[in-house]
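Residue numbering restarts at 1 for every chain, and letters A, B, ... go by the order of the sequence lines.
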Amino acid sequence: MISLKVYNSLTRNKETFKPLVDGYVGMYVCGPTVSGESHLGHARPYITFDVVYRYLTHLGLKVRYVRNITDAGHFEEEGRVAEDKIATKAVLEKLEPMELVQKYTNLFHWAMLQFNNIPPNIEPTATGHIVEQITMIEKIIADGFAYVVNGSVYFDVNKYHQVFSKKGLPYGILSGRNLEEQLDTTRDLDNQDEKKNKADFALWKKAPPEHIMRWNSPWGKGFPGWHIECSAMATKYLGTQFDIHGGGMDLQFPHHECEIAQSSVCNHIAPVRYWMHNNMITINGRKMGKSYNNVIKLTELFDGTHPLLAQAYHPMTIRFFILQSHYRSTLDFSNEALQASEKALKRLWEAYENLQKISVENNIATDTALDEKINKQIAEFTTFIEDDFNTAKVLANMFEIVPVINAIKNKQLPVNTISSKTIALLQQQFKLFIEDILGLQHQAAHQEKLAGILQLLIDLRKEAKAKKDFVVSDKIRNELAALGILLKDEKDGSVSWSFT
RNA sequence: GGUCCUGUGGCCGAGUGGCUAGGCAGAGCUCUGCAAAAGCUUCUACACCAGUUCGAAUCUGGUCGGGACCUCCA
């Protein structure tokens, strides 16, 4: 029996999670558009849903986690004919579109690895599923919910709304919008004229001659519309209805709303049971996004090259920073906040390492009140994570336990203050939550420090050699060798080192 | 114009009717050759106004501020 509660954007309620098929979970998360580098904002959904994936897996569920790669940019730019984002940039950078796509896909994968995100089980690409998308569009046309104009195909939102409202699936069910109330942003665009109604959205777009990415279709050469890829790939790999669909809140409308419409027409069933949306990362209170020109790229974050950054931040610091807030709240970025996270994570990690070193004997607690309190706090790890993944509260509880761990380690508290049973439980639960569920990992940032330490030893050895104190110089070299570090006196007088 | 979210102490950020959030920063103490670390103690809060209530940061109404979406966007 699962007692996990998740907030469902569709019902705007926390609901007890119940998989469609006992023991299995289908989860689809909107992946990146690989037309550029990922920024801090992008880190959030993938870390958030990584924790979701990890926790569901921990519950013993067999999760199929699908996260797409959008490698066919397709959107409209104001005042111009439809054009392909990726193709445009490719020209600027003098790259093949697929070369560009590969470059940013690789970079994305690298960043995900840095964050210790577990790769999805299936990572389908939009360009690899053109056939499925065309098939889906054909079905929608056959059912009368889409129309062809001049080589493009549009979804008939009004008709959908009329027919599917009766089935409890009005257009706007997810985002809570009324078609009539929307701001009229229609401008004098060629392709806007093609639409019967301004709310209609493209399923397939005719490719203008300069458009590099193009595929044959029953309607001529073109490329898929904005929203169809996710519907096609989710259906293919997770079935006509699946458990969880995740993504950023900014995708709720129109992207996810359109997915519901397309899939409902095609498969005669609403596609998703639980819609989960993470909130935005803001900077000076404003959403981080390309259009606001306020993004901090992940590479800039990791090496500290952005003007707003006082230093480089380790990916684990970013992960921790994100997990310290609830995923449905906005999270405001600042240098100060990241520095706080860096220190906090260090404190947590050191306590965790100290904890694992405490040897468990067979004590009975001398302070039963404290012992009980800690047991309660451990139990709450589960309570909190099951309350819509409240990672902030899980971490807060851990920090409440940290002083006790440190005090025992420093012998400021005797080890038998709390029972050995409690210590063993602590060791096990800290490991489970910190490493397995929150996915925090030991920082590899020590590498730089190690280099500094070795340089110091090399300098000390050099001084000893200069004084012909070979006892000391040999001691340094030999003991380092015993530790697996080889010092090499180069011909030019410099000293290098390597691991043996 | 519509839909929705939000306003917590120096900073970040939990919390949704009574009970310590937590982290970072600040102060004091203990420990300490010095420093650091660590432990203990501690100061700054719940935008404003009104209402409901025995009791509100938490519910209701209003005011003001910030934001998201309605266009690609995590």
Side-chain angles (χ1 to χ4, degrees), chain A residues 9 12 29-33 35-36 38-49 67 70 73-79 83-85 172 175-187 189 192 198-199 201 226-227 246-257 277-282 284-292 295 320-321 323-348 350-351 354 380 384 387 390-413:
Chain A
S9 306
R12 290 157 205 234
V29 175
C30 287
T33 301
S35 61
S38 301
H39 59 72
L40 176 59
H42 296 119
R44 199 173 196 187
Y46 308 127
I47 289 170
T48 298
F49 291 104
R67 187 181 66 206
T70 299
H74 27 239
F75 82 129
E76 289 171 340
E77 224 172 27
E78 282 182 7
E83 68 181 348
D84 188 310
K85 194 180 188 175
S175 55
R177 274 153 217 276
N178 259 319
L179 282 172
E180 301 75 28
E181 288 167 348
Q182 297 312 300
L183 191 67
D184 188 356
T185 52
T186 307
R187 307 215 164 80
L189 303 174
Q192 287 288 343
K198 66 174 194 276
F201 56 91
W226 316 337
H227 315 297
M249 268 183 187
D250 49 354
L251 296 182
Q252 199 171 37
F253 190 91
H255 188 57
H256 293 157
E257 195 72 63
H277 293 99
N278 63 277
N279 214 319
M280 301 292 104
I281 288 182
T282 59
N284 297 321
R286 200 117 222 219
K287 173 186 169 184
M288 188 177 285
K290 259 187 184 166
S291 33
Y292 297 123
V295 301
F320 180 84
F321 171 65
L323 294 178
Q324 257 189 315
S325 69
H326 187 92
Y327 75 92
R328 281 192 289 113
S329 303
T330 53
L331 171 58
D332 201 47
F333 158 87
S334 70
N335 216 9
E336 212 179 341
L338 278 187
Q339 279 173 340
S341 286
E342 185 179 83
K343 287 187 180 170
L345 176 58
K346 181 168 172 282
R347 179 172 155 84
L348 178 66
E350 283 176 3
N354 290 335
E380 282 172 343
F384 293 150
D387 183 15
N390 198 330
T391 54
K393 289 201 87 172
V394 172
L395 286 169
N397 258 32
M398 286 182 178
F399 276 106
E400 297 219 30
I401 301 172
V402 161
V404 177
I405 295 171
N406 286 336
I408 289 174
K409 184 251 176 187
N410 292 342
K411 312 239 190 298
Q412 286 159 316
L413 277 181

When both distances are under 3.5 Å in a Watson-Crick or G-U wobble arrangement, the nucleotide paired with B/rC40 is B/rG28
Checking N1-N3 plus N6-O4 or O6-N4 for Watson-Crick, or N1-O2 and O6-N3 for wobble, each under 3.5 Å, the partner of B/rU16 is none
- request: Indicate, with a heavy-atom threshold strictly under 4.0 Å, whether A/Asn278 touches base, sugar-phosphate, or nothing.
  value: base
Ring centroid separation for A/His227 and A/His256, is it under 6.0 angstrom? no
Problem - Basic-acidic side-chain contact under 4.0 Å: A/Lys346, A/Glu350 - result: yes
Can you check the distance between B/rG23 and B/rU32, where both ends of the measurement are the P atom (answer in whole Å)? 26 Å
Next on the checklist: Taking any heavy-atom pair under 4.0 Å as a contact, classify A/Met288: base, sugar-phosphate, or nothing.
Outcome noted: base
Which part of the nucleic acid, if any, lies within reach of A/Lys287 when heavy atoms closer than 4.0 Å are counted: base, sugar-phosphate only, or nothing?
base
* On a plain distance test, is the side chain of A/Arg328 in donor-acceptor contact with the base of B/rC5 below 3.5 Å? -> no
A/Asn410 has its side chain closest, among B/rA14, B/rC70, B/rA38, to B/rA38
(Q) Under 4.0 Å, counting only non-hydrogen atoms across every strand here, what does A/Gly289 touch: a base, just sugar-phosphate, or nothing? (A) nothing
With a 4.0 Å cut-off on heavy atoms, is A/Glu400 in touch with a base, just the backbone sugar-phosphate, or nothing at all?
sugar-phosphate
Practice item. Pick the P atom in B/rC19 and in B/rC59, then give their distance to the nearest Å. Key: 15 Å
Exercise. So what does A/Ala337 touch, heavy atoms closer than 4.0 Å: a base, only the sugar-phosphate, or nothing?
Worked result: sugar-phosphate
Using Watson-Crick geometry (N1-N3 plus N6-O4 or O6-N4) or G-U wobble (N1-O2, O6-N3), each under 3.5 Å, B/rU3 is paired with B/rA68
Side-chain atoms of A/His39 come closest, of B/rA74, B/rG23, B/rC70, to B/rA74
Requested in this report: State whether the distance check finds a donor on one side and an acceptor on the other, under 3.5 Å, for side chain A/Lys290 versus base B/rC72.
Outcome: no
The nucleotide from B/rC12, B/rG2, B/rA21 with an atom nearest the side chain of A/Leu331 is B/rC12
task: Take atom P in B/rU41 and the same atom in B/rA47, then report the distance between them in whole Å.
output: 29 Å
- prompt: Considering only the C1' atoms, how many Å lie between B/rA14 and B/rA45, rounded to the nearest integer?
  reply: 13 Å
Across the strands shown, which category fits A/Phe333 at heavy-atom distances under 4.0 angstrom: base, sugar-phosphate, nothing? nothing
Checking N1-N3 plus N6-O4 or O6-N4 for Watson-Crick, or N1-O2 and O6-N3 for wobble, each under 3.5 Å, the partner of B/rU58 is none
